Participant: 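So that we are looking at the same thing, I have put the structure below in structure tokens.
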Protein chains: 2
Amino acid sequence: MDSDFIRFQKFIERFQILNSDDKEFLKSSTKTITLSKRTHYLESGRVCNYVGFILDGIMRTYSIDNNGDEITMYFIKENQFAVDIESFNSRKISDINIQAITDCKLIQIDFNDFEYLKNNISSWGQITLEITNYALLEKLRNRSSLVAEDAPTRYEKFIQEQPEIVQRVPLIYIASYLGITPQSLSRIRKSFLKKSVINKAP
Amino acid sequence: MDSDFIRFQKFIERFQILNSDDKEFLKSSTKTITLSKRTHYLESGRVCNYVGFILDGIMRTYSIDNNGDEITMYFIKENQFAVDIESFNSRKISDINIQAITDCKLIQIDFNDFEYLKNNISSWGQITLEITNYALLEKLRNRSSLVAEDAPTRYEKFIQEQPEIVQRVPLIYIASYLGITPQSLSRIRKSFLKKSVINKAP
DNA sequence: GATATTTTTTACCAAATGTTAAGGAAGTTT
DNA sequence: AAACTTCCTTAACATTTGGTAAAAAATATC
């Protein structure tokens, strides 16, 4: 659909204005795809060949630790990118997984088209660098503040910083992001509930 | 000293070649400074007005949590940058602190000179973006892998990923980075010692 | 609508980590 | 050299979190 591309274009233009030829060209290089809940967009062990711009839905990136447990690294949602930048740029196999948590709609550019864009849109390199930067800063900001707190504080901060995610994502993934078991998170939520009941009492 | 600048220049040229005018210009915009152990390079509540390139020494960035405790976000060492990018770019006050852990020597550019460089070296924007990107990816990679593990595993991974830091930084800062108390870290180190003794027995 | 599947909650016990307190080693300053 | 910081370790006890198991609740699938 045309409006899909327009949303993507608007995002891009926050960083740099493209001329109409560039826009046409960019448009012809993208396609819209859908992913249903719980399916994978990227699996570790493969090279990341696509950049996906999320139009609708929430995804997560996760890796597998030495015990075989999944570790959710971060959540991505509308107007963010689904890609393993390091694998995409270096052409090496990825060690992360990207999975749709809800049904998702993405705009996608594959690696070859992306190279073509680099060579044919003079500001493309600059645009993508700025976008990458922006995304990395966002992720780092969210992450660093979490490590050293205890679990209830991590959860509280997460609610403040990413309230939308809490509403839209199953708790098991949030627990995995916070580095605790779903059982622990359930316990923490229960104790929060009690507190808020006490606070709201007359 | 001249060799100070040359080390900085070599780092820069990994990203983009500068012509000799640009180099001269860059050189005239930098100065070398020293910081003694435990002094602050940036304090929260102030705008970050400098970019420092570390020639010698190790620094850390930390923030203060709601309990008033320090949380070490990451360590930076030789060939890395001491700067709060967000504050430097946006000119807003910073909420992080940057502190020398060992005695440090830095090459420094102030904000005005940096703007001047942007306007007078055509590739400067590109260079700084690439450097920022590189640094952010490194930090994010180190961080995400730590959150969900238990403390002994976090310490083990830290030793593998940043062995130099372990040698050169007091344990209290490492504990703060790993999100545990110095007492816990001491306990963990002790149990590691026992293990390695057992493993090395005939 | 009945049946799977996924997600959330509860409970009990074990293990890990924090808290508090204190002492000693190593390095700095006076 | 003495006094002062800073850093590291140890210990006892309290608290938090994990592991295991199971059931209830919510969703998805047929």
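These numbers were taken from a predicted model, which means no experiment stands behind them. A note on names: the letters A, B, ... follow the listed sequences, proteins ahead of strands, and every chain is numbered from 1.
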Participant: When you compare the side chain of B:Asn97 with that of B:Tyr41, does any pair of heavy atoms fall below 4.5 Å?
Facilitator: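 No; the side chains remain at least 4.5 Å from each other.
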
Participant: Answer yes if the ring centres of A:Phe192 and A:Tyr155 are under 6.0 angstrom apart, and no otherwise.
Facilitator: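 When the ring centroids of A:Phe192 and A:Tyr155 are compared, they turn out to be within the sub-6.0 Å range.
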
Participant: Please evaluate residues B:Glu86 and B:Lys92 with respect to the criterion salt bridge (Lys or Arg N to Asp or Glu O under 4.0 Å), reporting the C-alpha separation (whole Å), side-chain torsions for both, the decisive distance (0.1 Å), and the verdict.
Facilitator: CA-CA 8 Å; B:Glu86 292 186 280; B:Lys92 291 178 186 159; over 6 Å; no

Participant: Just N and O in the side chain of B:Lys37: are any of them under 4.0 Å from OP1 or OP2 of D:dT6?
Facilitator: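 No, outside the criterion.
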
Participant: Quickly work out the B:Ile101 CD1 to C:dG27 P distance and round it to whole Å.
Facilitator: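 Going from CD1 in B:Ile101 over to P in C:dG27 covers 18 Å.
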
Participant: How long is the line joining CG of A:Asp150 and C1' of D:dG18, in whole Å?
Facilitator: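 One finds 15 Å between C1' of D:dG18 and CG of A:Asp150, rounded.
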
Participant: Regarding A:Glu138 and A:Gln80, do their side chains bring together a donor and an acceptor under 3.5 Å, going by distance alone?
Facilitator: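 Checked: A:Glu138/A:Gln80 side chains pair up, N/O donor to acceptor below 3.5 Å.
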
Participant: Taking atom C1' of C:dT9 as reference, at what distance in whole Å does atom CZ of A:Phe192 sit?
Facilitator: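 Interatomic distance, CZ of A:Phe192 to C1' of C:dT9: 17 Å.
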
Participant: Atom CD of A:Glu70 to atom P of C:dT7: distance rounded to whole Å?
Facilitator: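 For the pair A:Glu70 CD and C:dT7 P, the rounded distance is 11 Å.
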
Participant: Round to a whole Å and report the spacing from CG of B:Leu171 to C1' of D:dT10.
Facilitator: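 Result: 15 Å.
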
Participant: Let me spell it out: for each of A:Arg38 and B:Arg38, pick the nucleotide of DNA chain D with the closest heavy atom. Which residue's pick is nearer the 5' end?
Facilitator: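 Here B:Arg38 is the residue nearer the 5' end.
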
Participant: For B:Tyr177 and B:Tyr62, I'd like to know if the aromatic rings sit close, meaning centre-to-centre distance below 6.0 Å.
Facilitator: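 Between B:Tyr177 and B:Tyr62, the centre distance exceeds or equals 6.0 Å.
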
Participant: Figure out the CD/P separation between B:Glu149 and C:dA15, and round it to whole Å.
Facilitator: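 In whole Å, C:dA15 P lies 20 Å from B:Glu149 CD.
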
Participant: Do the side-chain N and O atoms of B:Arg187 and B:Ser184 include a donor-acceptor pair separated by under 3.5 angstrom?
Facilitator: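 Side-chain D/A pair, B:Arg187 to B:Ser184: present.
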
Participant: Which of these nucleotides, D:dC7, C:dT9, C:dT17, is closest to any side-chain atom of B:Ile188?
Facilitator: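 Closest nucleotide among those given: C:dT17.
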
Participant: What parts of residues 180-187 of chain B reach DNA chain D, counting only heavy atoms under 4.0 Å away?
Facilitator: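 Within this stretch, B:Gln183, B:Ser186 sit under 4.0 Å of the strand.
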
Participant: Looking only at side-chain N and O atoms, does A:Ser94 offer a donor or acceptor that is under 3.5 Å from a partner on A:Asp84?
Facilitator: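 Yes.
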
Participant: Starting from P on C:dA25, measure out to CD1 on B:Ile172 and report it in whole angstrom.
Facilitator: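 Result: 19 Å.
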
Participant: Just how far, in rounded Å, is P of D:dT16 from CG of A:Leu178?
Facilitator: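 Rounding to the nearest Å, CG of A:Leu178 and P of D:dT16 are 17 Å apart.
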
